[in-house]
2 protein chains.
Amino acid sequence: MTEAQPLYARVKDHILTQIRSGSWAPGARVPSENELVESFGISRMTANRALRELHAEGYVARVPGVGTFVKEPPARGSLMELRNIAEEIEARGHRHSSRIVARAEVTATPALTEDFEMKTPQRLFHIVIVHEENGVPVQIEDRYVNPFAAPRFMAQDFSATTPTAYLVAAVPVDELEHTVEAVMPEPAQQELLGISANEPCLALRRRSWSRGHVVTLATLTYPASRYALYSRYKTSARGTIAQ
Amino acid sequence: MTEAQPLYARVKDHILTQIRSGSWAPGARVPSENELVESFGISRMTANRALRELHAEGYVARVPGVGTFVKEPPARGSLMELRNIAEEIEARGHRHSSRIVARAEVTATPALTEDFEMKTPQRLFHIVIVHEENGVPVQIEDRYVNPFAAPRFMAQDFSATTPTAYLVAAVPVDELEHTVEAVMPEPAQQELLGISANEPCLALRRRSWSRGHVVTLATLTYPASRYALYSRYKTSARGTIAQ
DNA sequence: CGCAGTATACTGTATAGACAACCTTATACA
DNA sequence: TGTATAAGGTTGTCTATACAGTATACTGCG
């Protein structure tokens, strides 16, 4: 079950764990390559690769002749927060309801295998839910979940809790990816949303990571006439970012 | 002037140049590590590093036992940042061109007066530009600009500089608002983009503020088939996400 | 005390060699 | 003909070593 991990990945994991747990605060010194050589019993090139990749991924800063240090977490306001559609609807004073359309355990297709950054196809949870605002469908949530990240996902009662709400509470998210595009919905989707044949939809595709692994891939389809995505934020003052 | 570049960087540059110029089309085979060893006179570890980093950066796909191949470049715009479409297109190794469709000074309609947070209707600069990627239209930029914020806006040569580039340089932006929706374009827009009647578009509406005043309102219309908006970021909280 | 020179630690790059895992193709065999 | 086997190419990882460049700490000299 536990896949044999390359040595450099084990070193990266060890360091990331310390950073994420807070044991090593921003600015703290990360063991030098030679120290990692000693403690892990590896060669310096392997330690170098681990630290170099952590640098490329933005977790640490490296200063030649001095050392490697934990970086300040990025001070960006999240453009699109991980918001719960039920809360959004209720915040507008409307009534949220949902209907579960599909609920199954599937084997990842090649495309999904890549989306989840897996080497080989694995089992995935799959769920399709239609969210309604005052009884009118406003979103199709088509979601795949990594069972290793959220093993108890399928046991939830999604008429009481939305998948987003459960996942946010159950798994710490440390990276998000959003892709937005305009699509013409499939006939099946048109029927679920109760829209006419030529109405475009907004498709928001969201992947979230936790501890370096993809937790979930959600495709949220909104009928154009009933929804728009919105964000407003102040541009953070630059100058505090050490690099 | 020409900085001494590390060997692996030279190999990366060489490959990226071929990809960006189109000499190596998506799907084409990239020289194997051993071929790079021969042609560049380097060791395999150096060739491996070049290809490995290109893989991490998303430019190539690597298949063990088979080879390395040029990946399809994603046609994506940035959702979070105030990016310049010309730069985005050029970053993909494609050619950017633009065509000015309209250029006028107008009086704000009631709706625009509200958008610009003005009490009474004022004069506004208005410009419509079609941006093209390799000669294919990918964006209609329909922009209004507040003359008080950027009085010299209309004097710019927009065949050389995009409006975004000029405004970012000329006016410090300290607040941004984005609204994204799916729309069916007007017939005039269909013609400008050269798309069929039933192709949906992504409409990104962006307002930006400087010192409390609305500087510009831009409506960017992308044909669905040619563009998606993208963002990916690390969430700031590490280890402390309790909710 | 101040300063120059030196030693040391750390990162950055590069090499040569080795072994494993994987895929494709050609070959030999039944 | 169909199948098993072998060979060769490719990526993936790891080691041991080397040298260069940079920053810091120490040491001895003036």
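Convention: sequence-line order gives letters A, B, ...; per-chain numbering from 1.
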*If you measure only the distance, is there a donor-acceptor pair under 3.5 Å linking the side chains of Glu199(B) and Ser225(B)?*
yes
#### Entry: Side-chain donor-acceptor contact under 3.5 Å, Thr68(A) with Arg62(A)
yes
Quiz item: Within a radius of less than 6.0 Å around CD of Glu105(A), do more than 12 heavy atoms belonging to other residues, nucleotides or ligands occur?
Solution: yes
In short, salt bridge (Lys or Arg N to Asp or Glu O under 4.0 Å) pairs touching residues 14-32 of chain B with sequence neighbours left out are Arg29(B)-Glu35(B)
Which word best sums up how the rings of Trp24(B) and His14(B) line up, parallel for under 30°, tilted for 30 to 60°, or perpendicular for over 60°? perpendicular
* Assess the side chains of Glu181(A) and Thr179(A): does a donor N or O sit below 3.5 Å from an acceptor N or O? => no
Nt span of DNA chain D in reach of chain A heavy atoms at under 4.0 Å, 5' end first, is dT13(D) to dA23(D)
DNA chain D nearest-nucleotide lookup for Thr68(B) and Gly65(A): closer to the 5′ end is Thr68(B)
ask   = Looking only at side chains, do His94(B) and Glu133(B) share a donor and an acceptor under 3.5 Å apart?
value = yes
Readout for nucleotides 12-17 of chain C: B = base within 4.0 Å of protein heavy atom, S = sugar-phosphate only, - = neither; 5' to 3' it is BBBBBB
task: Would you check if there is a donor-acceptor pair between the side chains of Arg207(A) and Thr216(A) at a distance under 3.5 Å?
output: no
